[in-house]
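Notes to accompany the following structure.
Residue numbers run from 1 in the order of the sequence given.
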Amino acid sequence: QVQLVESGGGLVQPGGSLRLSCVATGFNLDYYYIGWFRQTPGKEREGVACITSSGKYIAYLDSVKGRFTVSRDNGKNTAYLQMSSLKPDDAAVYHCAAGLDYDPTCHLMEPGYEFWGQGAQVTVSS
């Protein structure tokens with residue numbers, strides 16, 4: 001069964017850190033770029049970060065640059081999103097997604113992402 005499963009969400013105080021993991025089952029993540037997206041009620045889902053299959057190209061949403069780091073371990077079929085200096089505005093449900101890697105770059109728009117995880121809740125509050 002093809003699946004992406006996120007974990008690592010939770011409640012954190014402003015300024016704190018969390019690391020989200022995204023494990024792929026049923027397919028080989030080596031051939032896919034990974035995107036991380038987030039959504040809050042009443043807002044459009046937005047792309048936060050992406051990484052190509054080789055890890056050579058990475059892109060971030062401007063508001064998370066310098067605070068979030070996307071990475072992957074193809075040997076573990078897993079991708080990560082390290083989030084630091086978290087702000088209340090970062091609170092959302094975070095989804096990982098995978099798309100077949102045809103290009104040397106990745107993007108933060110939803111088209112092209114074939115598989116999606118169910119999401120992990122991140123709450124930032126004191």
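- V124 places none of its side-chain heavy atoms less than 4.5 Å from the side chain of M83.
- In the hydrophobic clustering of this structure, L20 groups with Y60; members are Ile, Leu, Val, Met, Phe, Trp, Tyr whose side-chain heavy atoms approach within less than 4.5 Å, directly or through other members.
- Under the 4.0 Å criterion applied to side-chain N and carboxylate O atoms, K87 and D90 are not assigned as salt-bridge partners.
- Here the side chains of F27 and L4 are in contact, with some heavy-atom distance below 4.5 Å.
- Legend: residues meeting side chain to side chain contact (heavy atoms under 4.5 Å, CB included) with E114, ordered by chain and number and at least two apart, are Y32, L100.
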### Message
Would N77 and N28 count as a side-chain contact (heavy atoms from CB on, under 4.5 Å) here? Give the steps.
### Response
CA-CA 7 Å; N77 233 26; N28 189 342; 3.8 Å; yes

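- When the side chains of ILVMFWY residues are joined at heavy-atom separations under 4.5 Å, either directly or via intervening members, V64 and V12 end up in a single hydrophobic cluster.
- For an aromatic pair to be called close, the ring centres must be under 6.0 Å apart, and Y113 with H107 satisfies this.
- Although no hydrogens or angles enter the test, the distance criterion places a donor-acceptor pair under 3.5 Å between the side chain of R72 and the main chain of L29.
- Take S7 and apply the side chain to side chain contact (heavy atoms under 4.5 Å, CB included) test, not counting sequence neighbours, and it matches S21.
- Residues D73 and Y80 have side chains in contact (heavy-atom distance under 4.5 Å, counting atoms from C-beta outward).
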### Message
Y31 vs S53, test: side-chain contact (heavy atoms from CB on, under 4.5 Å). Steps then yes/no.
### Response
CA-CA 6 Å; Y31 305 106; S53 58; 5.9 Å; no

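- Ring centroids of W116 and F37 are separated by less than 6.0 Å, placing the two rings close together.
- Y33 and F115 fall into different hydrophobic clusters, defined by Ile, Leu, Val, Met, Phe, Trp and Tyr side-chain heavy atoms under 4.5 Å apart, directly or through other members.
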